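Some notes on the structure that comes next.
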Amino acid sequence: MFLEFFYLLRAKGLEVSLNEWMTLVEALDKGLAGSSLTGFYYLCRSILVKTESEYDKFDAVFAEYFKGIETPEDLPEEFWDWLNKDINYRDMGNGDEFEKEFEELMQMWKERIEEQKEKHDGGCYWIGTGGTSTMGHGGFHTTGIRPGGEGRLKSAVQIAGERNFKDFRQDKILDIRQFQMAFRKLRQFSSKVEAQKTELDIDATIDETCENAGMLKLVFDKPRKNTVKVLLLIDSDGSMLMYSKLCNRLFQAVSQANHFKDLKVYYFHNCIYDHLYTTPYCKRGEWVETDWVLRNLDSEYKVIFVGDAAMAPSELYKKGGNSFIGLWNEELGIDWLKKFKRKFKKQIWLNPIEKISWDWTYGSKTINAIKEVFPMFELTLDGLEAGIKKLLVK
């Protein structure tokens, strides 16, 4: 049953196991989807999709596989005129509950197109508006085919085609909350305080509650002491202007985090030289010496660079390569970066440019050079989580 749908889900990257598929088949045998494709949609999503970040991927596959049922394309133009003009709604209370097998429903659809010769409103038989017919829009039937119009009960199959979960995808640009959730994983570096077990252990509580036949069983653990120290270095101005909103979200998320023992934030332009700026405006004098930072921060700081790494090669490989006029650098930019590599145990570089572009976009030479110094990750949720895992590796 729907075996091609199973293979299409797998082909599009959804990790649907045979066990989950058999669970779906069993649920269908028990009638849990009713007789509607909408019911089948929600049943599939609840069983086969493991995280909301894959809802959009599932919707795209569902819409592709069932597109012939969702949006019939053989509806004559005059029907669209009837359906979109002068809708007269009829109060039908809760309406009757009609359930049709989709093969039967599609046959009825074709027959109505042949039979119907005029516009209909508020009825229960023709393709119309505002009634209880299984065909039309603006009505009160819980299943059926909705050609156009605004769905009132959101029961049509076209829900999948609306792609309501695009913003949940893991490969999309991050918002503040997603930044915060990702950075919370750094708490794994925190150590336990020698004290009474007063902190609720959510994971252990869930496990124990499941083992206790669903009866709530709370589990407590010793509180953690924040031991995580982070040095955040953000590229500002120039080609990073287009990513300023993203970097601002990152700064807000990190600033609002309460699970760091210490947080230092500095800015640079394109590459690091003799100074690190204390504001994103990178103004002369609003800085600290880079050597001072290297001397005064211990090697346990987790260093996170944020920047597109795209610049003229001279900014990495030449004396005086600093793009700010009058700020001559004796040491090469690449050597300054390598100082951070030697000083700190853990570093990552987050790049807002899509990874697929790193080899050909402007600055590809410097991007790949910096990628040889620091582990580089794309600034998406997947990329940030991969970077955090890199920082967590002992």
Side-chain angles (χ1 to χ4, degrees), residues 1-72 97-109 134 141-146 151 153-172 178 181 185 201-217 219 380-382 385-386 389:
M1 187 191 313
F2 299 125
L3 198 56
E4 296 87 353
F5 181 49
F6 169 73
Y7 287 126
L8 185 60
L9 289 167
R10 295 283 293 268
K12 296 295 184 178
L14 282 157
E15 297 180 357
V16 180
S17 68
L18 283 174
N19 183 56
E20 290 164 341
W21 186 256
M22 295 308 297
T23 300
L24 174 63
V25 172
E26 183 180 354
L28 289 172
D29 288 341
K30 293 181 178 180
L32 298 184
S35 300
S36 73
L37 191 59
T38 303
F40 178 69
Y41 163 80
Y42 284 116
L43 185 65
C44 282
R45 200 178 73 182
S46 64
I47 294 175
L48 304 181
V49 183
K50 302 174 180 64
T51 171
E52 65 269 15
S53 64
E54 294 190 334
Y55 279 176
D56 181 66
K57 191 183 296 184
F58 172 79
D59 280 357
V61 177
F62 194 94
E64 176 182 343
Y65 186 80
F66 292 103
K67 60 184 177 182
I69 296 178
E70 280 187 342
T71 53
E97 294 295 327
F98 296 99
E99 293 186 346
K100 299 290 184 182
E101 293 289 344
F102 274 90
E103 293 81 0
E104 181 182 349
L105 186 61
M106 292 305 297
Q107 182 61 35
M108 290 170 57
W109 171 265
T134 57
H141 206 286
T142 57
T143 61
I145 299 174
R146 171 165 62 86
L153 301 180
K154 303 301 288 183
S155 61
V157 181
Q158 291 168 333
I159 293 170
E162 291 175 0
R163 304 286 295 278
N164 293 315
F165 300 96
K166 286 183 179 180
D167 292 337
F168 284 30
R169 290 171 58 129
Q170 298 242 101
D171 56 352
K172 294 299 181 185
Q178 288 173 314
M181 295 301 292
K185 295 187 178 182
D201 189 329
I202 296 178
D203 291 336
T205 296
I206 293 172
D207 291 339
E208 290 297 324
T209 300
C210 292
E211 292 292 332
N212 198 31
M215 297 294 291
L216 181 62
K217 187 174 181 180
V219 179
T380 61
L381 185 55
D382 281 341
E385 289 191 347
K389 287 180 181 179

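Index from 1, following the sequence. Quick caveat, the model's predicted, so the values are computed rather than measured.
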> What are the two closest non-hydrogen atoms of Ile47 and Glu20, and how far apart are they?
Replying inline: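 Answer, listing the atom of Ile47 first, then Glu20: CG2-O, 3.6 Å.
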> Relative to each other, are the rings of Phe62 and Tyr41 parallel, tilted or perpendicular (30° and 60° limits)?
Replying inline: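 If you compare the ring of Phe62 with that of Tyr41, the planes turn out perpendicular.
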Flag, side chain of [X] to backbone of [Y], donor-acceptor distance under 3.5 Å:
| X | Y | result |
| --- | --- | --- |
| Lys217 | Glu211 | no |
| Thr209 | Gly214 | no |
| Arg10 | Val16 | yes |

Once you round to the nearest 0.5 Å, how far does [atom1] of [X] lie from [atom2] of [Y]?
| X | Y | atom1 | atom2 | value |
| --- | --- | --- | --- | --- |
| Leu24 | Asp29 | CG | CG | 9.5 Å |
| Tyr7 | Leu3 | OH | CG | 4.5 Å |
| Thr23 | Leu28 | OG1 | CG | 11.0 Å |

>> So that I can tick it off, tell me whether Lys30 and Glu26 are bridged by a salt bridge, with the cut-off set at under 4.0 angstrom between side-chain N and carboxylate O.
In response: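 A salt bridge is present here (some side-chain N lies under 4.0 Å from a carboxylate O).
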>> Any heavy-atom pair between the side chains of Leu14 and Leu48 that's under 4.5 Å?
In response: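 Contact flag for Leu48/Leu14 side chains = no.
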> Does the ring center of Tyr65 lie less than 6.0 Å from the ring center of Phe6?
Replying inline: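 They do not qualify: ring centres at least 6.0 Å apart.
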>> Go through it in stages, so that I can follow the logic: the residues are Thr205 and Leu216, the test is side chain to side chain contact (heavy atoms under 4.5 Å, CB included), and I'd like the CA-CA distance, side-chain angles, deciding distance and then a yes or no.
In response: CA-CA 8 Å; Thr205 296; Leu216 181 62; 4.1 Å; yes
> Can you check side chain to side chain contact (heavy atoms under 4.5 Å, CB included) on Lys12 and Leu8, steps first, answer last?
Replying inline: CA-CA 6 Å; Lys12 296 295 184 178; Leu8 185 60; 3.9 Å; yes
